[in-house]
Number of protein chains: 2
Amino acid sequence: MREAFHDQLDGIFEDLAAICGLVETAVHDASSALMTGDVHLAEQVISADDAIDNAREKVEDNAFALLSLQQPVAGDLRVVVSALRMVTELERMGDLSVHVAKIARLRVPHVAVPEEMRATMERMAEVAEDMVRRVRSIIADRDVEAAIELGRDDEIMDQLRRRGFNELLSKDWPHGVEAAVDIALLGRYYERIADHAVSVANRVIFVVTGEQVSRD
Amino acid sequence: MREAFHDQLDGIFEDLAAICGLVETAVHDASSALMTGDVHLAEQVISADDAIDNAREKVEDNAFALLSLQQPVAGDLRVVVSALRMVTELERMGDLSVHVAKIARLRVPHVAVPEEMRATMERMAEVAEDMVRRVRSIIADRDVEAAIELGRDDEIMDQLRRRGFNELLSKDWPHGVEAAVDIALLGRYYERIADHAVSVANRVIFVVTGEQVSRD
């Protein structure tokens, strides 16, 4: 009984890591589409989101089957519920990548990010992608050390977002309101991807140690 | 046993409705602070968010106790997990109200919303507050009809957001990049509050009927 429970739980965590891999691709491709104005790549990110949604449903079904059949209590119960929360957050990170891809698509044949914002925005995209990649192995290896480290690095994204705002606001911005709005929303989307990455990593800490990591 | 389960579940739903009441106040006060530049009211929204977070923890503890002690299966299990998801979304709606309040506070002694955007932004705030108010009674009364209706009205918020963008982009916007960025982010925050409201209402439909309401 206990062994069956842990085997099934391992299966769920493998699925979560696989979904995180899909999200990593989504963040990467959406960012490429954004920086190059590649409409086909943007479309691909948008249509690939169904696979993430379907994978999320599979994890939910398995988690409910596990709860129903194995009737876990206390710690085990919280682990399964954590897995349900993690999959919701991973799906949301996929949705946010779709939002990035949609801004890219909207501005084709132009590129949404003006030249002087490129460095900051590329850096945000890299940091987001890197965080998602790390979350994937944090889930796969239940790596508490790496999860704690990820939480610390979240500050980098906040600094980038502030830098982006300063660039938007301090110069005599020549690109008009449309580009400014795009940049503000893109910054928000990358920041949210990073927030969710940290939150998923914190849930791994909880799953392994039983300790809640509080944030605000 | 079954009776104890349903009594405790009723208690959880009462707590969810009460949290939704706190969120309603947060949305209302944040919007007032935004439209008037009232820094004290903005601060109040920001500090009142702790009460929502604490109430969320209480609901989570009760839901886990219910799962552990009563070991519900199948339908009942999904209802308790739905309650856990609802409380996460309600807390998030509180966070989004804090984001609105922080933009209000940042612009004091000025008002973040320029005169010609006022009508649209006030309407967004009203629609968001109205949706939260309705979700509160949808939770309290397990009102499936009202929940279905709420899902239909979500389109109003989407239209308002598009109208806001058109106002930002079509005119010769005289208020500079900072105000444009504020408006873009405020529009996003209100839209997300509305999205979560619809999602919570859909979970009530699921709790009562067992039918999943899919969106997208």
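Just so you know, these numbers come straight off a predicted model, no measurement behind them. Quick note on labels: first sequence line is chain A, next is B, and so on, each numbered from 1.
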Checklist entry - Could B:E89 and A:R85 be called an ion pair, given the rule that one side-chain N must be under 4.0 Å from one carboxylate O? => result no
Checklist entry - Looking at CG of A:L84 and CG of B:L84, how far apart are the two atoms once the value is rounded to the nearest 0.5 Å? => result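 Answer for the CG-CG pair, A:L84 versus B:L84, is 9.0 Å.
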Item to check | Distance, nearest 0.5 Å, that separates OG of B:S68 from CD of A:Q71 | outcome: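 So the OG of B:S68 and the CD of A:Q71 are separated by 10.5 Å.
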For [X] and [Y], work out which heavy atoms get closest and say how close.
X      : Y      : result
A:V181 : B:A180 : CG2-O, 4.0 Å
B:E178 : A:L169 : CA-CD2, 3.5 Å
A:L77  : B:F64  : CD2-O, 3.9 Å

Checklist entry - Taking C-beta and beyond as the side chain, do A:R188 and B:H99 meet within less than 4.5 Å on heavy atoms? => result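 Yes, close enough: below the 4.5 Å cut-off.
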Next on the checklist: Taking side chain as everything from C-beta outward and backbone as N, CA, C, O, which of these in A:V177 sits under 4.5 Å from a heavy atom of chain B? Side chain, backbone, both or neither.
Outcome noted: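 It is both, since atoms from each part get that close.
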Checklist entry - Would you find more than 12 non-hydrogen atoms of other residues, nucleotides or ligands less than 6.0 Å from B:E211 atom CD? => result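 Counting other residues, nucleotides and ligands, CD of B:E211 stays at 12 neighbours or fewer.
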